[in-house]
Amino acid sequence: MTILHSTPRSGILAILWLTALLGACIHHSYAGTRDWQHFRTANRTGERRRLYLKWLIQSILLFDLGGVITLWLLPRPLGWTSLTQLRLSHPTPTASTTPPETSPAFFIGFGCGILILAGVFLLLRKLKRPIPLKPLGDFTALIPRTWPEAGLVFLLCLNAGLGEELFFRLALPLLAGQITGSLIAGAALSTLLFGGMHWYQGLKGVLATTALGLIFMIRALNGTPLIWLMGFHALMDVVALFIRPALSGHFNRKTLRQPAVRPSS
């Protein structure tokens, strides 16, 4: 039995915990937007690395730890369920027990799409055509400029897949669904919050992120294991911040360099 399990005060405790999580998300978004404005003008790699590390720690505390605590408090404790078994809902009995994302055909098609995209970028580079970076959102400044920065950005990508999916596609919808009595309502709240927390990317980035979050939430509601959503989320971030800039020629001697070494006294 957990704290929120069938007690007279369970509804009040659930509301208080949800309020605390929403308040933490709002504060995280506000502080992150302020840090982002400073980050965009930061040129020193030490300052950039400090902000990368700050965002990594904050996301671990809010999304990873907050998600785990929420799952532990819920009436349906998941206990020591393996990560591969975590999912928001189970497939309907009439549906296939194997999600489309795990089928060989999906991986073949996905791989072919990546190869075609890479081929287009490489062909344009060979023809010396300009390939400007125009992402759906204002996050170009996040692309690392030094190898130490690249390590922190890679950890940010991995933790975004792990923590944000755990929080927004499992823990928060279940908690909000318990309060409202509707898992769909909990999923809608979580999706809107997921998009809103990317306000630092501008309105276009919020809309794109909300649409992407909606696609992921629909898959979660249809029984896709959380581990697959985590992997795709992390992969998309890696593509946006590493693979796509590399294919477009963004990484060169001017943009990717070793940090300056101070002369020894």
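Both L22 and L170 sit in one connected hydrophobic cluster of ILVMFWY residues. Membership requires side-chain heavy atoms under 4.5 Å apart, directly or through other members. Put simply, L174 and W72 are part of the same group of oily side chains (I, L, V, M, F, W, Y) that touch within less than 4.5 Å, one to the next. Residues L62 and L65 are members of one and the same hydrophobic cluster, defined by side-chain heavy-atom contacts under 4.5 angstrom among Ile, Leu, Val, Met, Phe, Trp and Tyr. Hydrophobic clustering places I15 together with L172 (ILVMFWY residues linked when any side-chain heavy atoms are closer than 4.5 Å, directly or through intermediates). Note on L226: it does not cluster hydrophobically with L214, by side-chain heavy-atom contacts below 4.5 Å among ILVMFWY residues.
The side-chain contact (heavy atoms from CB on, under 4.5 Å) test with L88 singles out one residue from M217, E165, R219, and that residue is M217.
Distance check, rounded to the nearest 0.5 Å: OG of S89 to CG of L183 gives 6.5 Å. With rounding to the nearest 0.5 angstrom, the CG atom of L162 is 12.0 Å from the CG atom of L155. Atom-to-atom distance recorded for W36:CH2 and T41:OG1 is 10.5 Å, nearest 0.5 angstrom. Atom CG of L235 sits about 10.5 Å away from atom CG of L158, to the nearest 0.5 Å. Taken to the nearest 0.5 Å, the CG atom of L61 stands 9.5 Å off from the CG atom of L56. Summarising the geometry, atom CG belonging to L53 is positioned 6.0 Å from atom CG belonging to L152; distances are rounded to the nearest 0.5 Å.
Y52 and W55 have perpendicular rings, their planes meeting at more than 60° on a 0 to 90° scale where under 30° would count as parallel.
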I184 vs L221, test: side chain to side chain contact (heavy atoms under 4.5 Å, CB included). Steps then yes/no.
CA-CA 8 Å; I184 299 298; L221 290 170; 3.9 Å; yes
Going through the checks in order, is the side chain to side chain contact (heavy atoms under 4.5 Å, CB included) test met by N43 and R145?
CA-CA 10 Å; N43 292 319; R145 300 179 181 178; 3.8 Å; yes
Between Q37 and R40, is the side chain to side chain contact (heavy atoms under 4.5 Å, CB included) condition met? List the steps.
CA-CA 6 Å; Q37 298 302 323; R40 292 175 61 188; 3.9 Å; yes
Please step through side chain to side chain contact (heavy atoms under 4.5 Å, CB included) for the pair L21 and F167, ending with a clear verdict.
CA-CA 10 Å; L21 289 178; F167 186 84; 4.1 Å; yes
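Residues L73 and L175 have side chains not in contact (no heavy-atom distance under 4.5 Å, counting atoms from C-beta outward). Between R48 and T146, every side-chain heavy-atom pair lies at or beyond the 4.5 Å cut-off. Contact annotation: the side chain of L142 approaches that of F39 to within less than 4.5 Å [non-hydrogen atoms, C-beta and beyond].
Considering only residues two or more places apart in sequence or on other chains, E47 meets the side chain to side chain donor-acceptor pair (under 3.5 Å) condition with H38.
In terms of modelled atom types and a separation under 3.5 Å, the side chain of S29 and the main chain of C25 share no donor-acceptor contact.
Minimum heavy-atom separation, P144 to V153: CB-CG2, 4.0 Å. When all heavy atoms of A171 and L74 are compared, the pair lying nearest together is O-CD1, 4.4 Å. Shortest non-hydrogen contact noted between L229 and F216 is O-CE2, 3.4 Å. The shortest heavy-atom contact between L241 and I143 is O-CG2, 3.9 Å. Smallest separation of non-hydrogen atoms from G186 and T180: N-OG1, 4.3 Å.
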List the atom pairs, with distances to 0.1 Å, where a side-chain N or O of residues 187-198 and a protein N or O form a donor-acceptor pair under 3.5 Å, not counting sequence neighbours.
from: S190; atom 1: OG; to: F168; atom 2: O; distance (Å): 2.5
from: T191; atom 1: OG1; to: A187; atom 2: O; distance (Å): 2.8
from: H198; atom 1: ND1; to: F194; atom 2: O; distance (Å): 2.7

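Under 3.5 Å, the side chains of T70 and W17 contain a donor-acceptor pair of N or O atoms.
For residues 151-163, the set of pairs meeting the side-chain hydrogen bond (donor to acceptor under 3.5 Å, both in side chains) definition, not counting sequence neighbours, comprises S59-N159, D64-N159.
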